[in-house]
Amino acid sequence: KAGVTQTPRYLIKTRGQQVTLSCSPISGHRSVSWYQQTPGQGLQFLFEYFSETQRNKGNFPGRFSGRQFSNSRSEMNVSTLELGDSALYLCASSPLGGLTTDTQYFGPGTRLTVL
Amino acid sequence: AQKVTQAQTEISVVEKEDVTLDCVYETRDTTYYLFWYKQPPSGELVFLIRRNSFDEQNEISGRYSWNFQKSTSSFNFTITASQVVDSAVYFCALSEAGSSNTGKLIFGQGTTLQVKP
């Protein structure tokens, strides 16, 4: 089975722009979670989607949003980019997405640089 | 409150040495899950192990072993006879059961392991 894929792998944007990142989960996985990784804050949970619905959200401003499509692929969007948004954005998928915590399998990440 | 502490920021060992990575967690829930992930320089987090709070059995997988002790809220990871390929950042993570915690992992700050030849 192919793993989690994320596109693009690298992005350079300027302040004020917006960006959309894409994540394709492992085939058959229905839950997708997003994380932001920075040297200062470490790995932080952004949000989780299941069956096209956001079920959980971390403590991030409204500039961070996401969605999930019927094929479980997910996108996250960051509007009005700030320098502090520079980070590695990781997507993870899990098989069942039920209340019991499944193991999450991660993609290679998208490295976003904001200039 | 949920919290994971990996007190060791960086560890450097020489190949073939054994090394233990510490992980201490905090949670009020009785049902929770603990994980270890490895992050090589490529950036992808690689899943190593998952443990639920009701299973305190230690586990061994090849050169890797894990010691879960609820009494001390610790979930430590030992690599026996380390190899250069073990060099990476290792993360311990916690997830609590329940609808408000769906899909959310709480990560420690990570421990950078350098194995020198």
Side-chain angles (χ1 to χ4, degrees), chain A residues 3-6 9-10 23 25-26 29-51 53-60 66 68 72 74 87-112, chain B residues 1-10 23-25 27 29-55 59 61 66 75 88-112:
Chain A
V4 177
T5 58
Q6 292 186 246
R9 293 293 311 278
Y10 302 92
C23 171
I26 293 171
H29 284 197
R30 300 173 64 192
S31 170
V32 173
S33 295
W34 288 89
Y35 295 85
Q36 180 196 64
Q37 185 177 22
T38 60
Q41 299 300 314
L43 279 155
Q44 294 186 290
F45 172 75
L46 280 157
F47 28 63
E48 186 256 0
Y49 286 87
F50 176 77
S51 290
T53 301
Q54 184 183 90
R55 295 194 302 182
N56 202 359
K57 190 177 190 308
N59 189 24
F60 279 83
Q68 187 181 35
S72 295
S74 178
L88 179 66
Y89 289 88
L90 291 162
C91 162
S93 73
S94 56
L96 299 176
L99 293 181
T100 300
T101 303
D102 298 324
T103 297
Q104 294 186 16
Y105 298 90
F106 284 79
T110 295
R111 173 78 61 185
L112 172 64
Chain B
Q2 306 164 323
K3 187 178 180 182
V4 176
T5 302
Q6 295 180 253
Q8 304 150 309
T9 305
E10 293 184 21
C23 172
V24 174
Y25 62 92
T27 178
D29 277 14
T30 56
T31 302
Y32 53 89
Y33 303 83
L34 296 165
F35 302 81
W36 275 96
Y37 285 89
K38 173 183 179 180
Q39 187 176 42
S42 60
E44 181 173 343
L45 285 168
V46 178
F47 166 72
L48 296 177
I49 190 170
R50 171 178 182 253
R51 262 285 178 264
N52 72 55
S53 52
F54 300 108
D55 183 2
E59 180 151 340
S61 176
W66 291 270
F75 186 43
V89 182
Y90 291 85
F91 290 94
C92 180
L94 163 72
S95 183
E96 295 173 340
S99 58
S100 64
N101 298 305
T102 304
K104 177 182 179 180
L105 292 174
I106 303 296
F107 286 89
Q109 287 299 101
T111 296
T112 300

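Chain A is the first sequence line, chain B the second, and so forth, proteins listed ahead of strands; every chain is numbered from 1.
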Next item on the list: Check Asn56(A) against Thr102(B) and note the closest heavy-atom contact, atom names and distance.
Entry: ND2-O, 3.0 Å

Margin query: If I take atom CZ from residue Phe45(A) and atom CZ from residue Phe107(B), how far apart are they, to the nearest 0.5 angstrom?
Written below: 11.0 Å

Checklist line | Minimum-distance pair of heavy atoms, taken over all atoms of Gly103(B) and Ser33(A) | finding: O-OG, 2.8 Å

Item checked: Selection from Gly109(A), Gly42(A), Pro108(A) maximising heavy-atom pairs under 4.5 Å formed with chain B -> Pro108(A)

Check: With only heavy atoms counted, which part of Phe91(B) is less than 4.5 Å from chain A, the side chain, the backbone, both or neither?
Finding: side chain

Note to self: Could you report the tightest heavy-atom contact between Gln39(B) and Leu88(A), atom names first, then the distance?
What the structure shows: NE2-CD2, 3.9 Å

Item checked: Which portion of Leu43(A) sits near chain B, non-hydrogen atoms under 4.5 angstrom -> both

Next item on the list: Write down the atom of Tyr37(B), the atom of Thr103(A), and the distance for their closest heavy-atom approach.
Entry: OH-CG2, 4.2 Å

Margin query: How close do Phe35(B) and Asp102(A) get, counting heavy atoms only, and between which atoms?
Written below: CZ-O, 4.1 Å

Margin query: Please report the interatomic distance CD(Gln44(A)) to NZ(Lys104(B)), rounded to the nearest 0.5 Å.
Written below: 10.0 Å

Item checked: Side chain proximity check, Tyr35(A) to Leu105(B), heavy atoms < 4.5 angstrom -> yes

Item checked: Engaged part of Gln6(A) at the chain B interface, taking heavy atoms whose separation is under 4.5 Å -> neither

Margin query: Once rounded to the nearest 0.5 Å, what's the spacing between atom CZ of Arg50(B) and atom CD of Gln104(A)?
Written below: 10.5 Å

